[in-house]
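Each remark here refers to the structure printed beneath this line.
Computed from a predicted structure; not experimentally measured. Here is the naming used below: chain letters follow the sequence lines, and residue numbers restart at 1 for every chain.
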2 protein chains.
Amino acid sequence: MEPLPRETIVDVLERRLQEDILDGTHPAGSLLPPEQRLAEGYGVTRTTVKHAFGRLTQAGLLETRHGVGTRVRDYLRLGGADLLPMLVRHNPEWLADIFEVRAGVGTLIAERAAAKATPPQRARLRTLLDAVAAATEPDAVQLADAEVHRALARATGNRVYVLLTNTLFAAYLPLRVRLVAPFHDPAESAARLEPLVTAVAAGDPATARTAAQAYLGETQRIMLEALEPS
Amino acid sequence: MEPLPRETIVDVLERRLQEDILDGTHPAGSLLPPEQRLAEGYGVTRTTVKHAFGRLTQAGLLETRHGVGTRVRDYLRLGGADLLPMLVRHNPEWLADIFEVRAGVGTLIAERAAAKATPPQRARLRTLLDAVAAATEPDAVQLADAEVHRALARATGNRVYVLLTNTLFAAYLPLRVRLVAPFHDPAESAARLEPLVTAVAAGDPATARTAAQAYLGETQRIMLEALEPS
DNA sequence: TTGAATGAGTGGCTCATCCACTGCCTGAGT
DNA sequence: ACTCAGGCAGTGGATGAGCCACTCATTCAA
């Protein structure tokens, strides 16, 4: 059992403000109403508003100056990759851009992992590949597939690739119910992934590179096609 | 004049807690002392502690559960790329990993920009290259160089590359005083960058790719070598 | 014309207090 | 001996009133 999250008032307020910012109600660069007024407007305490502001500031959406006010940052120009989950949730159009980057970065990771993985890491990849084939639910297949890619990132020996992979997954896995198209058949999924894992396990960067391109391009195509109808 | 930042109590407390987490005083997975006790210990109000907690939670370092307590997340395993600025500041060892990713991603961006840039974007790159040559201070040269790379990311037409570039810059530009080595001579810096800009402006992905690899590999080498003595 | 003082409006921070949730422990009933 | 309902202690969630500090535009005297 997971300790599943509770929704506090601050959470709700934060999400509300976030949406008002992303959909342009509070455009980038504009000054938000004073905390006191927002608090009255939303029927909460100024303290609560401040808590929500603090989080949004940390997230890179707001900028507060003592004695002046709170301004909406130009997040698209100045923000970092951590904005992606939020942006995707608000506008799935971002998925196409994300998948292109996933394909590019995934190829780099595969190439590097083939060159640098340790023997236990190569063995671990095989195990995780078997887990993909053994999964039953499409959702479980997709998650098992994601675990393979996390392991690939770790196998590069470069922890930045691990964090980058986490960021990309955090951006599109929340929408995975709409992206299960490539994962309905466990055997097929595992077969599609197999050449990549084999090349990495064999320590062959060039083959890993082409295998990654094939795999990532194919799954990307299937996911985006399946997304169209929505 | 920049509106430069003020350091509030919450900022200080946040930084302090962050350091205590990153250096292992509060190891990943451990339960923090109750808010009341921390507040007494640091001589602030529980409200202030909560504000700091809120930001660190948003940053992915903490996890709070009502009625139980606040726990340190396993950020290295679960965290995203937004942790990088913090991690680098605390342990510059990360720079090597970051530069490797910068080289890989930078190459992808150059290739893609060469294929997709619009005419005004190609012209803009030339302008920014001239700005590098025209800069006088090494620091200004480095920042002008960074602007070229931001423009390249924008020229891909993929906004995720822009955010990714922002994340990487946010990670290592704060330490740029220790990384100015490649940028002491404006003319030389511009000359090193010129083949890349030319290839992108000409719309030649293959040449852009090799030019990017040469540029990124060279600057990376110089920066890391200059870093050694510290 | 200058520049010091003022005051309105804003965010920073504290305090005291109450509520809600969780986990454990106790003790009655089986 | 075992079970489980109830209570209880400890924790975070949220409030609201209050005071302080900062910024900026206005005012007014030199």
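Atom CD of B:E63 is separated from atom P of D:dT11 by 19 Å (rounded to the nearest Å). For the pair A:H51 NE2 and D:dG16 P, the interatomic distance rounds to 15 Å; values are reported in whole Å. Rounded to a whole Å, the CG atom of B:L31 is 12 Å from the C1' atom of C:dT22. For the pair B:L38 CG and D:dG12 P, the interatomic distance rounds to 8 Å; values are reported in whole Å. Distance, A:D11 CG to D:dG12 P: 16 Å, rounded to whole Å. Whole-Å rounding puts the B:E40 CD to D:dG10 P distance at 13 Å.
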Give every pair of a protein N or O atom and an N or O atom of nucleotides 9-11 of chain C that lie under 3.5 Å apart, one pair per line with the distance.
from	atom 1	to	atom 2	distance (Å)
C:dG9	N2	A:G67	O	3.2
C:dG11	OP2	A:E35	N	2.9
C:dG11	N2	A:H66	NE2	3.2
C:dG11	N3	A:H66	NE2	3.1

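With sequence neighbours left out, B:R150 forms a salt bridge (Lys or Arg N to Asp or Glu O under 4.0 Å) with B:E147. Every residue two or more places apart in sequence or in another chain that forms a side-chain contact (heavy atoms from CB on, under 4.5 Å) with A:A140 is listed here: A:A135, A:E137. Take B:R126 and apply the side-chain hydrogen bond (donor to acceptor under 3.5 Å, both in side chains) test, not counting sequence neighbours, and it matches B:T198. In this structure, the ring pair (Phe, Tyr, Trp, His ring centres under 6.0 Å) partners of B:H149, at least two apart in sequence or on a different chain, are B:Y215.
Judged by distance alone with a 3.5 Å cut-off, no donor-acceptor contact links the side chain of B:T8 to the base of C:dC13.
Residue pairs satisfying the salt bridge (charged side-chain N to carboxylate O under 4.0 Å, His left out) criterion with at least one member in residues 153-167 of chain A, sequence neighbours excluded, are listed as follows: A:R159-B:D97.
The side chain of A:T47 places no N or O atom within less than 4.0 Å of a non-bridging phosphate oxygen (OP1 or OP2) of D:dA14.
Between B:E40 and B:Q36 the shortest side-chain heavy-atom distance falls below 4.5 Å.
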